[in-house]
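Report on one structure; see the data block that follows.
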Amino acid sequence: MSRLTVGPGITLFKALAGDAVLQAALAVIEASPPRKMLTPGGKAMSVAMTNCGPLGWVTDRDGYRYVSDDPSTGRPWPAMPAPMAELAAAAAEASSFPGFVPEACLVNLYDTESRMGAHQDRDERDRAAPIVSVSFGLSARFRIGGTSRGGPTLSFVLDHGDVLVFGGPARLAYHGVDRVLPGRHATLGAQRINLTFRRVT
Ligand code: MD3
Ligand code: FE
């Protein structure tokens, strides 16, 4: 494990997340399988998504929002497994955000064709809390800019086990996933999983 400051409010922990967190994420995926949600414009996203915790992020023709039940199962999202919440809290604390108790964990499942265009995460009322991101499986090229579109950007590769914390001046930064790097991961095959932990209310 190594800790790097990537920029103001951005801390990267290489290879911090271990197998307990990955196994917990796989159990969430089994309980509420990821699905390709529709954008408000009616197009299917290339990333399949599910959630765990009291709230989950969804998108459909009615827009982006947080809801307490999985629209696919009609039941509450799976509870957030303790190893996941504990890792997110530990990474936040080590990045000067003590007391981080996530309300939502969005689970993103990528194949080698999936992409996520540049966007801001602004569906959360709480902008004081950081967002913690955990990556597993295939590596991906991640890109981050400033708080307005079209400025300079920085890109770097996220590998299996990497944990990123975005807070303070980086909380509303534009960011996206340019591409998943080809290959096969030992346990996840040709897939990438990303977990993002958020405070919403
Ligand atoms: C920077 N996910 O789910 S995680 C997302 O790899 C999302 O699946 C990407 O962007 C993924 O919304 C990137 C890294 C990340 C997450 C949230 C951020 C970077 C962020 C919020 C503010 C600034
Ligand atoms: Fe995002």
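Indexing begins at 1, ligand by ligand and atom by atom, following the structure's order.
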Ligand 1: protein residues within heavy-atom distance under 4.0 Å: Leu106, Asn108, Tyr110, Met116, His119, Asp121, Ile131, Ser133, Phe142, Ile144, Phe166, Ala170, Arg171, Ala173, His175, Val177, Arg192, Asn194, Thr196, Arg198
Among the N, O or S atoms of Asp121, the one nearest the Fe ion (ligand 2): OD1
Pair Asp70-Ser32, side-chain donor/acceptor within less than 3.5 Å: yes
CZ on Arg198 to CG on Asn51, rounded to 0.5 Å: 8.5 Å
Aromatic Tyr110 / basic Arg192 pairing, under 6.0 angstrom, 45° off normal: yes
Glu113-Ser46 side chain donor-acceptor pair, cut-off 3.5 Å: no
Short side-chain to backbone donor-acceptor contact, Arg179 and Val177, under 3.5 Å: no
Distance-only polar pair, side chains of Trp77 and Asp69, donor-acceptor under 3.5 Å: no
